[in-house]
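Please read these numbers as outputs of a predicted model, since none were measured by experiment.
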Amino acid sequence: MSNDEWSKKDMDCIWHPCTQHKDHERLPPIPIARAQGIYLYDFEGKAYIDCISSWWVNLFGHSHPYLVKKLMEQSQKLDHVLLAGFSHEGIIQYSHRLLEVAGNHFDKCFYADNGSSAIEVALKMSFHHHLLHHRLERKKFLALSNSYHGETIGALSVGDVGIYKDTYQPLLLDVLITPTPKNQDDIQNALDALDHILRQEGEKICAFILEPLVQCAGNMHMYPKEYIQKASQKCKAYGIDLIFDEIAVGFGRTGSLFAFEQCGVIPDFLCLSKGITGGMLPLSVVLTHNHIFDAFYGDYETQKAFLHSHSYTGNALAIACANATLDLFEQEKILESNAIKQTQIWNAFSEIQGNLKVKNLRQTGMILAFDLDAPPSQRAGYEFYLRALRQGLLLRPLGNTIYFMPPYIISPDEIIYVAQEVKQILMNF
């Protein structure tokens, strides 16, 4: 069938995420027949460079042969077994490996199956941990302005991007929002605002949650690690837990394997997902410490157990892909390679800084972004997206923010090609 025929069948029955379906009157959903490496191919053979790693998950591109091999091998041994009272070889090996590559700063892994679920786990675990220590007054959470942590009720509560949150405000938890610094010069203003909140509410707060270094869904806002260090110290002085959401920025996106390594802070809870399986299957995990775990240890009747579960927790197929992902980081020296590529990305895109339509070209690790100088009402980002698609580039925007977050396997020539195409789009925009 043609693209148009597949698109019509799609629109008959599928409700797409983060989509105003009226937009599909102009551009129907693009059906993808297959994918390989950094390329997606539709049913008429047109290729699209996946410049955003399909919502930041495909670290090594699509259908990576090693990931496929390990997934197929696992499918012939064990597909799934419940993780309550049972276990399997893959998850035991992976948990030890993950704790080790996280610097042995954590002791326990609690698994779920998507990023929002990992956030829910950390929020509930922090609250319950305080409760077990009879800190009954700690019922609030503290989050940063412009933050995003997912779209389940708890995760949405601790976010601050209005387009996702405002409609559901009556359903949400009681959350305090403190300003994210705009830049290095704004650190002290943000810390002063945090001090004010802590003086008034510090004894009532369970945890402070943040996305270290880059607020991805918050228009790729990049902010200083010095703020994270000082804000974390202030919160810990009040006995507040730290939750680091590295669902998007973990596994090499910011230049180090985990962003917390650059911040000089060890959080109480580290939430990971997205790239954890190289984009093959859904999986998430929360890393935490023995002093948290030990508080829940006791007789069943005491209701100490953390009774949170998902049917597919620790799925053996997803875990096989997660183990294979760590293999690739080790075997192919991904972080070292990325250190070179991030410089290549900056050099390739730096030419667009002179374009009057471009504001705030910025980069952290393998994430590059810029803003289009236009009012949000003009939907300039969407228009840019449509033109990029015509040129074979998938650059789904965040409002008027265009960002480049490619698979790590992208070549220097492909980086230059994308940058040149973006430059051409801007010249005629």
Side-chain angles (χ1 to χ4, degrees), residues 27 30 32 34-42 45-64 214 216-217 219-220 222 248-249 251-255 274-275 278-279 332 334-335 337-374 380-429:
L27 176 70
I30 299 170
I32 297 300
R34 63 186 181 89
Q36 188 67 53
I38 68 167
Y39 294 94
L40 304 165
Y41 299 90
D42 67 21
K46 181 174 179 177
Y48 301 86
I49 295 178
D50 190 349
C51 298
I52 61 167
S53 302
S54 285
W55 264 345
W56 324 337
V57 300
N58 290 93
L59 300 187
F60 309 110
H62 298 273
S63 301
H64 190 286
V214 186
C216 290
N219 296 98
M220 295 294 165
M222 300 172 187
V249 299
F251 295 100
R253 280 294 178 196
T254 63
K274 287 194 181 290
E332 301 188 4
I334 296 299
L335 294 179
S337 173
N338 282 359
I340 297 169
K341 287 183 180 178
Q342 65 192 47
T343 300
Q344 293 169 340
I345 288 170
W346 181 259
N347 290 340
F349 278 85
S350 60
E351 292 182 27
I352 69 172
Q353 287 191 98
N355 191 298
L356 296 177
K357 301 177 187 70
V358 172
K359 295 192 303 182
N360 190 22
L361 181 68
R362 55 199 181 274
Q363 183 184 34
T364 297
M366 291 291 286
I367 306 170
L368 180 133
F370 62 89
D371 304 319
L372 294 171
D373 191 7
Y382 184 68
E383 293 299 324
F384 187 98
Y385 165 68
L386 296 179
R387 297 189 193 192
L389 285 174
R390 289 198 287 270
Q391 300 306 116
L393 305 179
L394 170 52
L395 283 164
R396 182 182 170 96
L398 292 159
N400 283 348
T401 297
I402 309 300
Y403 67 92
F404 183 52
M405 197 188 289
Y408 300 158
I409 62 167
I410 193 167
S411 72
D413 286 345
E414 288 163 339
I415 290 170
I416 291 169
Y417 175 79
V418 173
Q420 290 302 314
E421 291 297 312
V422 167
K423 182 180 177 182
Q424 284 299 119
I425 295 168
L426 287 167
M427 287 176 63
N428 300 301
F429 198 66

Next on the checklist: Show, in sequence, the C-alpha distance, side-chain angles and deciding distance for Leu426 and Phe370, and conclude whether the side chain to side chain contact (heavy atoms under 4.5 Å, CB included) test is met.
Outcome noted: CA-CA 12 Å; Leu426 287 167; Phe370 62 89; 4.3 Å; yes
Within the distance-only criterion (no hydrogens, no angle test), does the side chain of [X] pair as donor or acceptor with the backbone N or O of [Y] below 3.5 angstrom?
X: Arg387; Y: Asn428; answer: yes
X: Asn58; Y: His62; answer: no
X: Asp50; Y: Ser53; answer: yes
X: Ser63; Y: Ala35; answer: yes
X: Gln363; Y: Gly365; answer: yes
X: Lys274; Y: Leu59; answer: no
X: Arg396; Y: Trp55; answer: no

Spacing of [atom1] belonging to [X] relative to [atom2] belonging to [Y], to within rounding of 0.5 Å:
X: Gln353; Y: Asn355; atom1: CD; atom2: CG; result: 11.0 Å
X: Leu40; Y: Ile32; atom1: CG; atom2: CD1; result: 5.0 Å
X: Phe384; Y: Ile425; atom1: CZ; atom2: CD1; result: 4.5 Å
X: Asn338; Y: Gln344; atom1: CG; atom2: CD; result: 10.0 Å
X: Ile402; Y: Leu368; atom1: CD1; atom2: CG; result: 11.5 Å
X: Gln36; Y: His64; atom1: CD; atom2: NE2; result: 9.5 Å

Looking only at heavy atoms, which two atoms of [X] and [Y] are closest? And how far apart?
X: Leu389; Y: Tyr48; answer: O-CE2, 3.6 Å
X: Cys216; Y: Ile367; answer: SG-CD1, 4.5 Å
X: Ile409; Y: Lys341; answer: C-NZ, 3.6 Å
X: Ala374; Y: Asn400; answer: O-ND2, 3.0 Å
X: Gly399; Y: Asn219; answer: N-ND2, 4.3 Å
X: Lys423; Y: Glu351; answer: NZ-OE1, 2.7 Å

Item to check | Derivation and outcome, side chain to side chain contact (heavy atoms under 4.5 Å, CB included), residues Phe404 and Ile410 | outcome: CA-CA 12 Å; Phe404 183 52; Ile410 193 167; 3.7 Å; yes
Are the side chains of [Y] and [X] in contact, using a 4.5 Å heavy-atom criterion?
X: Val422; Y: Leu395; result: yes
X: Tyr417; Y: Glu421; result: yes
X: Ile49; Y: Tyr39; result: yes
X: Met220; Y: Val214; result: yes
X: Ile345; Y: Pro406; result: yes

Checklist entry - Between Tyr385 and Tyr382, what is the ring plane arrangement, given parallel below 30°, perpendicular above 60°, and tilted in between? => result tilted
Next on the checklist: Among residues at least two apart in sequence or on other chains, which ones pass ring pair (Phe, Tyr, Trp, His ring centres under 6.0 Å) with Tyr408?
Outcome noted: none
Checklist entry - Is there a side chain to side chain contact (heavy atoms under 4.5 Å, CB included) between Phe60 and Ile334 once you walk through the steps? => result CA-CA 10 Å; Phe60 309 110; Ile334 296 299; 3.7 Å; yes
Checklist entry - Could you go step by step and tell me if Leu356 and Asp373 meet the side chain to side chain contact (heavy atoms under 4.5 Å, CB included) rule? => result CA-CA 8 Å; Leu356 296 177; Asp373 191 7; over 6 Å; no
